[in-house]
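Take a look at the structure set out below.
One-based numbering along the sequence shown. No experiment lies behind these values; they were computed from the predicted model shown.
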Amino acid sequence: MTMVGSLLKGRQLVGLVKVDNLLYQVRPGNYLGQNYGRITGIDEGQITLREIVQDAAGEWIERVATLQLQESSK
């Protein structure tokens, strides 16, 4: 899963995410990833997620993760 870009739809910034050669448009509030990640913000260079994961003690905690824009090498 990689962020490949963003675009402006109306007044909302939409992230473009590529998963297994499929391209998806994602918005704040959408879920993304395997750790119940909910998108909290999108800007031109990254998508910010709030994920729910288990810590070493087995407790469920929230953490912030980011998906950075992947520059093309072509």
Side-chain angles (χ1 to χ4, degrees):
M1 174 172 55
T2 57
M3 179 183 182
V4 295
S6 61
L7 55 96
L8 196 60
K9 269 191 139 173
R11 294 183 178 205
Q12 185 178 27
L13 197 60
V14 175
L16 299 174
V17 176
K18 186 176 179 181
V19 180
D20 297 329
N21 291 326
L22 296 173
L23 191 62
Y24 297 94
Q25 294 182 19
V26 296
R27 295 172 175 78
N30 289 148
Y31 288 93
L32 186 66
Q34 297 179 8
N35 295 321
Y36 308 102
R38 189 164 197 164
I39 298 172
T40 58
I42 298 174
D43 63 35
E44 294 177 359
Q46 70 182 14
I47 296 173
T48 306
L49 306 163
R50 182 170 307 266
E51 297 180 322
I52 300 173
V53 295
Q54 274 187 316
D55 64 7
E59 299 291 323
W60 291 97
I61 60 169
E62 286 188 351
R63 72 174 179 194
V64 175
T66 58
L67 188 59
Q68 300 287 328
L69 177 64
Q70 299 296 310
E71 298 291 331
S72 176
S73 60
K74 292 183 182 178

Side chains of Lys18 and Gln70: any donor to acceptor distance under 3.5 Å?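 Gln70 vs Lys18: no donor-acceptor pair found between side chains.
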
If you round to the nearest 0.5 Å, how far is [atom2] of [Y] from [atom1] of [X]?
X: Leu7; Y: Glu44; atom1: CG; atom2: CD; answer: 11.0 Å
X: Thr2; Y: Gln68; atom1: OG1; atom2: CD; answer: 12.5 Å
X: Leu32; Y: Tyr24; atom1: CG; atom2: OH; answer: 10.5 Å
X: Leu49; Y: Glu62; atom1: CG; atom2: CD; answer: 12.0 Å

Find out whether Ile61 and Val53 are in side-chain contact, i.e. whether some heavy atom of one side chain is under 4.5 Å from a heavy atom of the other.
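With C-beta onward as the side chain, the pair touches.
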
Task: Beyond-backbone contact of Val17 with Met1, side-chain heavy atoms, under 4.5 angstrom - done: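 Yes; the side chains approach each other to less than 4.5 Å.
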
Which heavy atom of Ile52 sits nearest a heavy atom of Tyr36, and at what distance?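 Heavy atoms of Ile52 and Tyr36 come nearest at O-CD1, 4.1 Å.
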
- Task: Work out which heavy atom in Gly37 is nearest to a heavy atom in Glu51; give both atom names and the distance.
- Result: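 In terms of heavy atoms, the two residues are closest at CA-CG, 3.9 Å.
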
Worksheet item: Which of these passes side chain to side chain contact (heavy atoms under 4.5 Å, CB included) with Thr48: Val64, Ile42, Asp43?
Response: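 Output: one option passes, namely Val64.
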
Next on the checklist: Taking side chain to side chain contact (heavy atoms under 4.5 Å, CB included) as the criterion, tell me which of Leu16, Thr66, Ile47 meets it with Met3.
Outcome noted: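 The single option meeting the side chain to side chain contact (heavy atoms under 4.5 Å, CB included) with Met3 is Ile47.
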
Are more than 12 heavy atoms, taken from residues, nucleotides or ligands other than Gln34, located less than 6.0 Å from that residue's CD atom?
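Not more than 12 within 6.0 Å, no.
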
Common cluster, [X]/[Y], ILVMFWY with side-chain heavy-atom separation under 4.5 Å:
X: Leu69; Y: Ile39; value: yes
X: Val26; Y: Leu8; value: yes
X: Tyr31; Y: Val19; value: no

